[in-house]
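Written below as structure tokens is the structure these notes are about.
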Amino acid sequence: VVDPVTREPLKPGSDVVRCTSCYTYCYRATWQRMGSCPRCVNRSEYWDRRDTMFKVPRAQIGSQTGPPNSIKDGGGQ
């Protein structure tokens with residue numbers, strides 16, 4: 001898996017977030033620089049590694065929900 005903007009591989013343990021809308025993973029720095037999800041560009045909420053939904057497979061997300069973080073409130077930092 002790579003960051004959609006930098007194309008850098010997402011390394012284990014790095015500061016990665018996941019969009020609550022399209023489920024794309026990216027570096028938090030990319031998200032903050034863009035001000036939203038770099039893929040769907042319309043969401044400002046994300047999950048980070050501490051959220052239970054961060055690692056849930058995409059196909060299973062519809063059956064589970066978790067509180068998202070928001071770039072507006074500095075989520076997860």
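Heads up: numbering here begins at 1 and tracks the sequence. Quick note: numbers below take in every heavy atom, side chains included, and nothing from hydrogens, waters or symmetry partners.
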Set out, in order, the CA-CA distance, both residues' side-chain angles and the distance that settles side chain to side chain contact (heavy atoms under 4.5 Å, CB included) for Thr30 and Glu8, then state yes or no.
CA-CA 11 Å; Thr30 297; Glu8 290 291 320; over 6 Å; no

Nearest atoms (heavy-atom pairs only) where [X] meets [Y]:
X	Y	answer
Val41	Ser36	O-OG, 3.5 Å
Cys26	Asp3	CB-OD2, 3.4 Å
Tyr25	Lys55	OH-CA, 4.0 Å
Trp31	Pro38	CE3-CD, 4.1 Å

Tyr27: what forms a ring-ring contact (aromatic ring centres under 6.0 Å, His included) with it, not counting sequence neighbours?
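Partners of Tyr27 under the ring-ring contact (aromatic ring centres under 6.0 Å, His included) test: none.
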
So does [Y] get a backbone contact from the side chain of [X], meaning a donor-acceptor N/O pair under 3.5 Å?
X	Y	value
Arg18	Met53	yes
Tyr23	Pro57	no
Arg58	Cys22	yes

Taking Phe54 as the starting point, is it possible to reach Val1 by hopping between hydrophobic residues whose side chains are less than 4.5 Å apart?
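Yes; tracing contacts between hydrophobic side chains, which count when under 4.5 Å, links both residues.
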
What's the spacing between Met34 CE and Arg39 CZ if we round to 0.5 Å?
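Here the rounded value is 11.0 Å.
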
Taking C-beta and beyond as the side chain, do Ile61 and Trp47 meet within less than 4.5 Å on heavy atoms?
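Answer yes - side chains close enough.
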
Report the C-alpha distance between Ser21 and Cys37 in whole Å, list the side-chain angles of each, state the deciding distance to 0.1 Å, and finish with yes or no for side chain to side chain contact (heavy atoms under 4.5 Å, CB included).
CA-CA 9 Å; Ser21 180; Cys37 175; over 6 Å; no

